[in-house]
Amino acid sequence: MQRGLRPHYVWRKSSFSGTDSNGCLEVSDGHVGVVPVRDSKFAGAGPVLHITRPAWAAFVRMAKAGV
């Protein structure tokens, strides 16, 4: 990726997000090696975290287990 260019993100609300708009995570699929995540409150203006796929899988496992 060239400096200054942002990758193309197509966002979807995480299936673990609640119905209230204050607690939503959005994720973008189809990126090699990472899962981009952002807080929907700051859509377009806030930071994007790039989480490795293994770390994301561990997070989802723990969330499903209620940890």
Side-chain angles (χ1 to χ4, degrees):
M1 180 170 58
Q2 289 180 312
R3 286 186 77 129
L5 296 180
R6 297 193 70 166
H8 179 70
Y9 298 110
V10 176
W11 296 102
R12 67 175 175 84
K13 187 184 285 191
S14 169
S15 60
F16 287 99
S17 293
T19 55
D20 106 23
S21 62
N22 289 328
C24 298
L25 284 180
E26 293 179 328
V27 297
S28 181
D29 298 317
H31 301 271
V32 178
V34 297
V35 178
V37 179
R38 72 178 182 180
D39 185 335
S40 62
K41 287 191 299 274
F42 305 114
V48 174
L49 301 176
H50 293 90
I51 301 172
T52 65
R53 290 201 173 276
W56 182 253
F59 170 77
V60 170
R61 264 194 317 277
M62 292 174 76
K64 285 181 178 179
V67 176

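Throughout, residue positions are numbered sequentially from 1 according to the sequence presented. Please read these numbers as outputs of a predicted model, since none were measured by experiment.
Using a 4.5 Å cut-off between side-chain heavy atoms of Ile, Leu, Val, Met, Phe, Trp and Tyr, with links allowed through other members, Val60 and Val34 fall into different hydrophobic clusters.
For Arg53 against Gly30, the heavy-atom pair with the smallest separation is NH2-N, 4.1 Å. Annotation for Trp11 and Pro36: closest pair CZ3-O, 3.5 Å, computed over non-hydrogen atoms.
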**OP:** Test side chain to side chain contact (heavy atoms under 4.5 Å, CB included) on Ile51 and Phe59 and set out the steps.
**Re:** CA-CA 10 Å; Ile51 301 172; Phe59 170 77; over 6 Å; no
**OP:** Go through the steps for Leu49 and Trp56 under the test side chain to side chain contact (heavy atoms under 4.5 Å, CB included), then give the verdict.
**Re:** CA-CA 11 Å; Leu49 301 176; Trp56 182 253; over 6 Å; no
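Each salt bridge (charged side-chain N to carboxylate O under 4.0 Å, His left out) pair with one or both residues in residues 29-38, not counting sequence neighbours, appears once here: Arg12-Asp29, Glu26-Arg38.
When hydrophobic side chains of Ile, Leu, Val, Met, Phe, Trp and Tyr are connected at separations under 4.5 Å, Val10 ends up as a singleton with no cluster partners.
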